[in-house]
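Okay, structure first, notes after.
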Amino acid sequence: MNQLISIIIPAYNRAHIIGETLDSIIAQTYKNWECIIVDDGSSDSTRKAIEGYVVIDPRFKLLCRPVELPKGPSACRNYGVSRSLGEYIQFFDSDDIMHPDHLKFKIDAIADNDFVTCKIEGFVGDFDVDLFNEDRVKDLVKPLNAFKSFVKGDFLMCMVVPFWKKKTLELFLPMREDLHILEDRELHTRILYTEPNFKVINKTLIYYRRDLESSTNSFFSRIDFGIDSYLKAMESVLSYVDDPETRLILLKRILGFFRQALAERDFAAAGKCLDFTKKSNLWNSPSLRVKKYRILFFYQLLKIVKKGDTRFKFLFKI
């Protein structure tokens, strides 16, 4: 099998780290690839760093996000796919590392499947190549209902893990460019809902950095950074979910961010979470509605007294 694989990487201010990512791509045992790097308007020397790789290896292609497209990785990925020539698409991040056999394992496994997925491991600080010879991540179990398991959080699949047949992926593009977090969850929800064929490779083939700033990390540390995108993504996800069990799980997840907003005394963000749960009809039983009124009462009380410490979080659990 010698089909062309298109690797799509959005990049923003990664001059200090992107070289290690690109080196791991050069080291791939499967050689028929193109790597399209879309710069998202970097203000450091990221483009210069990438240009050095373009000179030594023409399989690297540097593009700049067109000014008419919104800033963000989704627009960069959509643009990269539109310029790709491969029959397969592998999204990747500008600070991650590929196992040397990453592409080989995936293209050997895809056969008649729509996509292939694998295990992923995080690391902190400098990457240790000895990780290539270890496999410390628990095996993935392919669920009977991948859509439901994914939405519930039992089956994990982040942006860089799937290896796609391009003709399958394009049916679901463009990915949402108005989201700067959870764009992968929104995309994968729509895809898994259609029950695609896929295979799980129980080998760690991707290594991601845990200690660099990212949109998701910013959201978990500061609720106002991404609450609007989070709720937009959840609105899309919920449009595909009708069973009470899964909707209850999603309600609890949203209330978790509601409590985070209270702890940060961001009552506007907390209010957005509550309004969303009501608009989405997530309080869909008599017992839940009783709990909703209790939560609303104490939320209004804390807003008046301007208290939001985590010691009050027990008041808002269901």
Side-chain angles (χ1 to χ4, degrees), residues 5-28 33-67 69-81 83-84 89-103 118 120-134 136-137 158-161 177 179-184 204-222 225-226 229:
I5 298 171
S6 296
I7 305 163
I8 313 294
I9 301 178
Y12 178 72
N13 286 357
R14 284 291 190 256
H16 61 298
I17 206 74
I18 195 170
E20 197 170 8
T21 297
L22 303 186
D23 287 342
S24 77
I25 294 173
I26 291 175
Q28 290 299 295
W33 51 262
E34 63 172 359
C35 181
I36 299 173
I37 308 157
V38 183
D39 181 69
D40 196 22
S42 295
S43 57
D44 66 355
S45 56
T46 293
R47 286 192 294 274
K48 184 177 180 181
I50 298 167
E51 286 166 355
Y53 283 85
V54 173
V55 169
I56 63 173
D57 192 329
R59 293 176 295 178
F60 288 110
K61 301 174 183 179
L62 172 61
L63 305 177
C64 294
R65 172 183 50 79
V67 293
L69 295 180
K71 183 174 177 56
S74 292
C76 292
R77 292 184 181 112
N78 287 333
Y79 182 59
V81 172
R83 297 288 299 271
S84 66
I89 299 292
Q90 176 66 61
F91 292 123
F92 213 59
D93 286 341
S94 57
D95 52 6
D96 293 346
I97 304 294
M98 286 188 182
H99 185 285
D101 291 323
H102 173 223
L103 298 180
C118 68
I120 181 170
E121 180 175 354
F123 69 95
V124 175
D126 295 333
F127 181 72
D128 184 354
V129 295
D130 287 340
L131 288 176
F132 292 149
N133 301 316
E134 302 174 8
R136 304 179 297 192
V137 179
C158 62
M159 181 64 75
V160 301
V161 167
E177 295 178 355
L179 305 178
H180 59 271
I181 62 167
L182 294 195
E183 67 276 14
D184 51 350
T204 303
L205 298 175
I206 299 171
Y207 306 85
Y208 71 95
R209 298 180 190 276
R210 290 177 173 164
D211 53 340
L212 289 186
E213 182 179 348
S214 68
S215 295
T216 302
N217 288 341
S218 296
F219 176 51
F220 284 117
S221 62
R222 199 184 77 243
F225 178 83
S229 287

Checklist entry - With sequence neighbours left out, what residues match His99 under ring-ring contact (aromatic ring centres under 6.0 Å, His included)? => result Phe132

Item to check | Cationic N near anionic O, under 4.0 Å, Asp39 to Arg47 | outcome: yes

Next on the checklist: Can you tell me how far apart CZ (Arg83) and CD1 (Ile36) are? Round to the nearest 0.5 Å.
Outcome noted: 7.5 Å

Next on the checklist: Could you measure the distance from the CG atom of Asp40 to the CD1 atom of Ile9? Nearest 0.5 Å is fine.
Outcome noted: 14.0 Å

Next on the checklist: I need the minimum non-hydrogen distance between Gly41 and Tyr12, along with the two atoms involved.
Outcome noted: O-CE1, 3.5 Å

Next on the checklist: Just to verify, what does Phe60 make a ring-ring contact (aromatic ring centres under 6.0 Å, His included) with, not counting sequence neighbours?
Outcome noted: Trp33, Tyr53

Checklist entry - Between atom CD1 of Ile50 and atom CD1 of Ile18, what is the distance when rounded to the nearest 0.5 Å? => result 4.0 Å

Checklist entry - Rounded to the nearest 0.5 Å, how far apart are OH of Tyr79 and CD of Glu177? => result 12.5 Å

Checklist entry - Is any side-chain heavy atom of Met159 less than 4.5 Å from a side-chain heavy atom of Arg77? => result yes

Next on the checklist: On a heavy-atom basis, which atom in Ala75 and which in Arg65 lie closest, and how many Å separate them?
Outcome noted: CB-CD, 4.4 Å

Item to check | side-chain contact (heavy atoms from CB on, under 4.5 Å) between Glu121 and Glu134, worked out | outcome: CA-CA 11 Å; Glu121 180 175 354; Glu134 302 174 8; 5.9 Å; no

Next on the checklist: Assess the residue pair Ser74 and Leu179 against the criterion (side-chain contact (heavy atoms from CB on, under 4.5 Å)); give the C-alpha distance rounded to whole Å, side-chain angles, the decisive distance to 0.1 Å, and a yes or no.
Outcome noted: CA-CA 8 Å; Ser74 292; Leu179 305 178; 5.6 Å; no

Next on the checklist: Has Arg14 got a side-chain atom pairing as donor or acceptor with Ser94's backbone, closer than 3.5 angstrom?
Outcome noted: no

Item to check | For Ser6, all residues meeting side chain to side chain contact (heavy atoms under 4.5 Å, CB included), sequence neighbours excluded | outcome: Ile8, Glu34, Ser84, Ile89

Checklist outcome for this item: Minimal heavy-atom distance between Ser42 and Ala11, with the atoms involved, is OG-O, 3.8 Å

Checklist entry - How about Ile25 and His102: do any of their side-chain heavy atoms sit closer than 4.5 Å? => result no

Next on the checklist: As a quick check of understanding, evaluate side-chain contact (heavy atoms from CB on, under 4.5 Å) for Ile7 and Met98, giving each step before the final call.
Outcome noted: CA-CA 11 Å; Ile7 305 163; Met98 286 188 182; 4.0 Å; yes

Checklist entry - Between the main-chain N or O of His180 and the side-chain N or O of Ser229, is there a donor-acceptor pair closer than 3.5 Å? => result yes

Checklist outcome for this item: d(Phe123 CZ, Arg209 CZ) to nearest 0.5 Å is 3.5 Å

Checklist entry - Does Asp44 use its side chain to pair, donor to acceptor, with the backbone of Thr46 at less than 3.5 Å? => result yes

Item to check | Worked check of side-chain contact (heavy atoms from CB on, under 4.5 Å) between Ile120 and Tyr208 | outcome: CA-CA 7 Å; Ile120 181 170; Tyr208 71 95; 3.5 Å; yes

Item to check | Atom pair CD1/CG of Ile97 and Leu22 - distance to nearest 0.5 Å | outcome: 9.5 Å

Checklist entry - Any donor-acceptor pair under 3.5 Å linking the side chain of Gln90 with the backbone of Val160? => result yes

Checklist entry - What are the two closest non-hydrogen atoms of Cys118 and Ile206, and how far apart are they? => result SG-CD1, 4.1 Å

Item to check | Single hit among Val81, Asp184, Val161 for side-chain contact (heavy atoms from CB on, under 4.5 Å) with Phe91 | outcome: Val81

